[in-house]
Each structure stands twice: as C-alpha cells, then as structure tokens.
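Read the structure below first, then the notes.
Worth saying up front: this structure is predicted, and the values here are computed from it rather than measured.
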Amino acid sequence: MIEQVKGTQNIYQNESEKFLHVRQCFFDVFNNSGYSYIQTPHLEHSELFEKSIGENSEIVSKQMYQFNDKGGRTLVLRPEGTSSIVRYHAQNQKELTNQYSYFGQMFRYENPQKNRYREFTQGGVEIIGNLDSFSDFQVINDSIRFLNNLNLTFTLEINTIGSIDDRELYSKELYTYFKTHEDDLSDESREKLELNTLRILDSNNSLDSKVIQDAPVISNFINDISSQKYESLKSLLSNNNINFKENTRLVRGLDYYNDLTFEFINDDGVVLGGGGRYDRLAEILNIGSFNGVGVAFGIERIMNIIDIKNKSPKVYIIGIDIDKISRLCKLLDQNNINYSKPPRLSKINSQFKNAKNLGAKYVVNTDEDTIKDLENNTSIKFNVEVLIDN
RNA sequence: GUGGUCGUAGCUCAGUUGGUUAGAGCACCUGGUUGUGGUCCAGGAUGUCGCGGGUUCGAAUCCCGUCGAUCACCCCA
C-alpha cells in the first residue's frame, strides 16, 4: 500500500459536492461583480515569497515546499496567491487598475489538524493599481455577499495597522515594553519577542493577557492620513449597514500589509478568510509602485462548516440486456437528456435499489421498456417524449 | 517544531491473562422470492491486523522504532 502524502486530502462524494458548491458560489459572486479569474503557476521562484511575505515570517522560514529543479532554479510550491498576482500585474498590466479573482491549491509545510492542511485551497480576490476607499469597500462588501450566499454566520473584524513606517516605530515601542515585562510572558511569547514582536498581541495564552492589556496601542502610532482613511472606511461601512467589530490587535501574518486589515470569523473562532491593503508590496518586490487590496478565503474551512445534501439524478436507467440499455443511452444522448446509470449491469434488483438510494426521480427499465416515477410509484410504458416534456 | 489520543474488511467496530485457519453488523456480489420491483431467503467474495524490527515454541495482543490520522500548542486561510 502506498500511503498518501501527509496533510493532503482526497476530496470525494459529499466533500466534493461541497467543494464544487463553494467554488460555484465563489465564481457566481465574484466573477459577476467585476473580477476576472486569473490562474497563476503553482511553482514560483523562492525569491518572490522571501521578499513579499518576509524572510523571518514563519511561512517563509519554516513552511515552504522548496526545492531545486534540474536547471538549478530554487523553486517553491506557492504558499499563497497574492504575490503571484502582483508579479503578473507588474509584468503585464502595470498602468492599469484590475480586479482579479483566483481559486486554487496552496502548499505549506505545517503540522496538519482540523482546518489546516499541507495542500489546501484558497479562493480570493485582489484589486491592484490605483486604489481608493471604494476599492477597500467593495472587497469587503463582495466578500460578505459570498459568505451570505453560503448561509454562513460570521463576524467582520477590522483594524488599521498604519503604514509600514508606523508599524516599525510601534514595533520598537512594543519591543521595549515587552522586554521589560519579559518575565511575565509565556514561553511562546518570549520566543516571538526578538523576531516577531507584533504577533505577541495575538496570543491567547492567559498568562500573556495581563501584559498585553497594558501594552502600548497601535492607534497612537498611526499617521494622520492612514487614520483618516480608516475613519472614512468605517463610516462607509456603517452607512451601508455593514456590521463590523474593531479589533486593534488584529495583526495579520504576512509582512506586506499596511493600513487596512480585516478577517471574517465564525462563531467558533475559525478564521474563514482575511485580507487587507498592501500598497508597498510592488515596491518591496522592486517591480513597480502600485497599490493593492485583497482577501483570501480558506475553502476547506468553509467546507467544514457548511452542510449540503447530495444531488440526486433525475433519470436513472437500468437493465441487464446490454444492447437494449446502450440503445437507450444513444436515444437519450440524441435528445440531450442527462441520465445516470449503473457502473455495470449487475442484478436488476441491485440496480433498482441503487437508483432508489441515490434518490432518482425516474427509473427507466430497458428490459421492460417502462419508466417508473419513484415519487408516486406509477409505472408506464417508456416513451422518450415523457422525459422531453419533463 | 512540541505534546495527548488512536491505527483490525469499503464503512462502524469486536477480538479474553499472548494460543489452531482473525470475527460481526452495514455495504457489495450471485441465485431465488417479490413483480409493481426498495422486502425477504440462501449462498459468496474481501484483510501484509498501518509499516519495520525485537521478545517468545507461538504476537492483532507485549517492547522499541517509524509512518499516518486526530486534537491542542505554534502558525495561519
């Protein structure tokens, strides 16, 4: 037996129904709201993510599937989607402002658990180019429509983390503060002190909560322009009856964000999706200077909380005479009628039972040339017109 | 990367202090019954007991390692 790779999934049956449902819903909402689907490579040069996400982020330092190909290139399986789209935009669309959507597999070398896999699916959108508050608004607003269409309940949390310069200043201040309270911090938080000070704010270790409570707040370090933008987005959301919760400790994991950050969180605290503004990413990559805002959803996380019933076939054909049943297939094909069928011609009783279990509406018995309506249990002579009329 | 729990048939699980040829239910297959068909009867196929080593006359069972699943930490979507 060859085992499958750790942290990967086979998505099938009820799970694949959910997957296709979420994907359908994703494209129905976003691709009918101005976004164009883009598919970028799963392989990228390591350099792209080292620069964009940040070299001392956990994703880059520990979690990338990285290897050298036979031409000596250092490549990775992409750990996220935004950087590739920014790279594309710089290559081909630098002067324009575009709305992109993407949906596909990402790879991170993590220890798997619920809602976290090594190969997983993200769907998201990005607006890249010259942006304003309406750009931010629509990404959030369209995201809400997507989640609502899936009948999910969630909370929108937002924050502003200011410019990258603001954040550096704040980070230094925070470092000084935590350094003096080092003894009161949990082991995990103490580890983060040197490289990732900001993330200590995210800790849900009760040991840390008291120290965090009295820590300097980011709002005191935000520059005026960023604050104004944040205020105007908040009033834009309020004016449109969009509920949100401000969370001044919402610091997202990727280094390239500035100003706006937001997350959609369900009742169990699972982050279904998140995003924010990344106005300096192109500069960090040294490929241009344009703004960006985007969101990404964890498709498996959504699949894990929705519940859908399997689709039932409308017409199921059975029979043990291979000539008769194949003739019927061709007849239905010619009339462009969809139908389900047994994988092979087993015992007629089994075939009938199978049709019933799948919840078929009509069963056509090609041995007898009859069609049965399983809902009201009536059987009549089969005539293709009956199906065409239905 | 760290820690807890767990790996026996496609699925859910039994399997005694180590003891013949490893079991049940569901699902599946065949024949019959029913014939308005889904019921019922009879029979059938299916396992590297996660993998590798060790102890033993003998291991699904005990020990070690390893792989995987799951949950949590960490991290994140």
Side-chain angles (χ1 to χ4, degrees), chain A residues 1-10 12-13 22 53 56-64 78-82 102-124 143 147 154 186-192 195-196 199-200 202-208 250-254 262-266 269-276 294-305 316 318-320 342-360 363 365 367-368 370-380:
Chain A
M1 195 62 170
I2 297 171
E3 273 166 1
Q4 85 180 74
V5 175
K6 180 171 179 170
T8 62
Q9 329 168 65
N10 299 300
Y12 185 52
Q13 294 186 326
V22 174
I53 303 174
N56 51 20
S57 71
E58 191 116 336
I59 293 175
V60 169
S61 61
K62 297 183 190 164
Q63 300 179 345
M64 290 213 292
R78 62 179 184 186
E80 61 106 40
T82 302
Y102 66 97
F103 196 100
Q105 264 67 10
M106 308 295 161
F107 304 84
R108 290 182 197 173
Y109 191 89
E110 297 190 80
N111 229 340
Q113 64 185 62
K114 191 173 191 181
N115 291 322
R116 191 171 76 184
Y117 312 91
R118 289 187 171 181
E119 178 178 3
F120 61 103
T121 315
Q122 279 191 351
S143 294
L147 295 173
F154 58 88
S186 65
D187 294 348
E188 297 84 34
S189 290
R190 221 172 300 135
E191 273 174 38
K192 284 187 260 185
L195 281 177
N196 224 340
R199 296 221 61 91
I200 298 176
D202 247 0
S203 164
N204 35 25
N205 190 318
S206 53
L207 266 177
D208 297 325
L250 179 62
V251 197
R252 293 185 48 77
L254 288 65
F262 60 90
E263 284 183 351
F264 298 96
I265 304 170
N266 86 341
V270 178
V271 178
L272 304 175
V295 64
F297 294 97
I299 302 304
E300 287 83 1
R301 291 182 175 186
I302 292 172
M303 284 163 61
N304 285 343
I305 52 173
Y316 195 98
I318 63 173
I320 52 171
R344 67 189 190 88
L345 305 184
S346 59
K347 191 172 138 172
I348 195 78
N349 221 15
S350 306
Q351 294 185 32
F352 189 87
K353 206 160 96 181
N354 197 239
K356 182 69 190 178
N357 287 340
L358 290 171
V363 172
N365 185 331
D367 292 339
E368 298 176 349
T370 57
I371 177 165
K372 178 163 190 173
D373 184 335
L374 284 178
E375 278 167 17
N376 51 32
N377 246 3
T378 55
S379 190
I380 58 168

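- Dashed line: the shortest gap from a side-chain N or O of A:Gln113 to OP1 or OP2 of B:A72 is under 4.0 Å.
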Which string of ( ) [ ] | and . matches RNA chain B, if you list each base 5' to 3' and count Watson-Crick or G-U pairs only when both distances are under 3.5 Å? (((((((..((((.....[...)))).(((((.......))))).....(((((..]....))))))))))))....
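- Nearest heavy-atom pair across A:Leu345 and A:Gly319 is CD2-O, 3.4 Å.
- Applying the salt bridge (Lys or Arg N to Asp or Glu O under 4.0 Å) test to residues at least two apart or on different chains, none of the pairs has a partner in residues 342-353 of chain A.
- Using a 4.0 Å heavy-atom cutoff across all strands shown, A:Gln63 reaches sugar-phosphate atoms only and no base atom.
- Rounded to whole Å, the distance from CZ on A:Phe107 to C1' on B:C75 is 19 Å.
- Taking atom P in both B:G23 and B:C49, the straight-line distance is 14 Å, to the nearest Å.
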Show the distances under 3.5 angstrom between N or O atoms of the protein and N or O atoms of nucleotides 1-5 of chain B.
from: B:U2; atom 1: O4; to: A:Asn111; atom 2: ND2; distance (Å): 2.7

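- If you check every strand for non-hydrogen atoms under 4.0 Å, A:Ile299 touches nothing.
- One P atom belongs to B:U56, the other to B:U8, and the distance between them is 29 Å to the nearest Å.
- In this structure, A:Asn115 and A:Glu300 have side chains that are not in contact, with every pair of non-hydrogen atoms separated by 4.5 Å or more.
- A donor-acceptor pair under 3.5 Å is formed between the side chain of A:Gln351 and the backbone N or O of A:Ser346.
- Once the 5.5 Å centre distance and the 30° plane angle are applied, the aromatic ring of A:Phe120 is found stacked with the base of B:A77.
- Proximity of a side-chain donor or acceptor of A:Arg78 to a complementary backbone N or O of A:Gln105 within less than 3.5 Å is detected.
- Taking every side-chain heavy atom of A:Asn365 into account, B:G37 is the closest of B:A69, B:G37, B:A77.
- Nucleotide B:A77 holds its C1' atom 15 Å from the NZ atom of A:Lys114, rounded to whole Å.
- A:Arg118 places a side-chain N or O within donor-acceptor distance of the main-chain N or O of A:Glu110, the cut-off being under 3.5 Å.
- The nearest pair of heavy atoms linking A:Asn365 to A:Asp367 is OD1-N, 2.8 Å.
- Atom-to-atom, CD1 of A:Ile380 to P of B:G37 comes out at 16 Å; the value is rounded to the nearest Å.
- No more than 12 heavy atoms of other residues, nucleotides or ligands lie within 6.0 Å of CD1 in A:Ile320, so this atom counts as exposed by the packing criterion.
- Here B:U70 presents its P atom at 10 Å from CG of A:Asn304, a figure rounded to the nearest Å.
- Counting all heavy atoms, side chain and backbone alike, A:Gly273 lies closest to A:Phe297 at CA-CD2, 3.7 Å.
- A distance-only check finds no donor-acceptor pair linking the side chain of A:Glu80 to the backbone of A:Met106 [under 3.5 Å].
- In this structure, the side chain of A:Glu58 does not engage the main chain of A:Gln63 through any donor-acceptor pair within 3.5 Å.
- Atom CG in A:Asn115 sits roughly 16 Å away from atom P in B:C76 (whole-Å rounding).
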Dump the pairs, protein N or O against N or O of nucleotides 27-33 of chain B, anything under 3.5 Å, distances to one decimal.
from: B:C29; atom 1: OP2; to: A:Ser350; atom 2: OG; distance (Å): 3.4
from: B:C29; atom 1: O3'; to: A:Arg344; atom 2: NH2; distance (Å): 3.3
from: B:U30; atom 1: OP1; to: A:Lys347; atom 2: N; distance (Å): 3.2
from: B:U30; atom 1: OP2; to: A:Lys347; atom 2: N; distance (Å): 3.1
from: B:G31; atom 1: N7; to: A:Lys347; atom 2: NZ; distance (Å): 3.3
from: B:G31; atom 1: O6; to: A:Lys347; atom 2: NZ; distance (Å): 3.1

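- When heavy atoms are screened at a 4.0 angstrom cut-off, A:Glu368 is found touching base atoms of the nucleic acid.
- Atom CZ of A:Arg118 and atom P of B:U70 are 12 Å apart (whole Å).
- The side-chain heavy atoms of A:Phe120 and A:Ile299, taken from C-beta on, include no pair separated by under 4.5 Å.
- With hydrogens and angles ignored, the 3.5 Å screen pairs a side-chain donor or acceptor of A:Arg301 with a backbone N or O of A:Val271.
- B:C40 and B:U21 have their P atoms separated by 36 Å, with the value rounded to a whole Å.
- Residue-to-nucleotide proximity on RNA chain B shows that, of A:Glu263 and A:Lys372, the 5′-proximal contact is made by A:Lys372.
- Put simply, the side chain of A:Val270 does not reach to within 4.5 Å of the side chain of A:Ile305, judged on heavy atoms.
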Restricting both atoms to N or O, compile the protein contacts to nucleotides 10-13 of chain B shorter than 3.5 Å, with distance only.
none

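- Taking the P atoms as reference points, B:U46 lies 30 Å from B:A69, given to the whole Å.
- Atom CG of A:Asn377 and atom P of B:U39 are 13 Å apart (whole Å).
- Here the OG1 atom belonging to A:Thr370 is positioned 7.5 Å from the CD1 atom belonging to A:Ile318, to the nearest 0.5 angstrom.
- By the ring-ring contact (aromatic ring centres under 6.0 Å, His included) test, A:Tyr102 pairs with no residue at all, sequence neighbours left out.
- Among the protein residues, A:Gly7 comes within range of the sugar-phosphate backbone only, with heavy atoms under 4.0 Å from sugar or phosphate atoms but none that close to a base.
- One P atom belongs to B:U20, the other to B:U39, and the distance between them is 38 Å to the nearest Å.
- Regarding contacts with the backbone of B:C75, every side-chain N or O of A:Lys62 stays at 4.0 angstrom or more from both OP1 and OP2.
- Taking the P atom of each, B:A9 and B:A60 are spaced 14 Å apart, rounded to whole Å.
- Atom CZ in A:Phe264 sits about 19 Å away from atom P in B:C76, given to the nearest Å.
- Rounded to a whole angstrom, the distance from the C1' atom of B:G47 to that of B:G32 is 30 Å.
- Taking the C1' atom of each, B:A59 and B:U16 are spaced 15 Å apart, rounded to whole Å.
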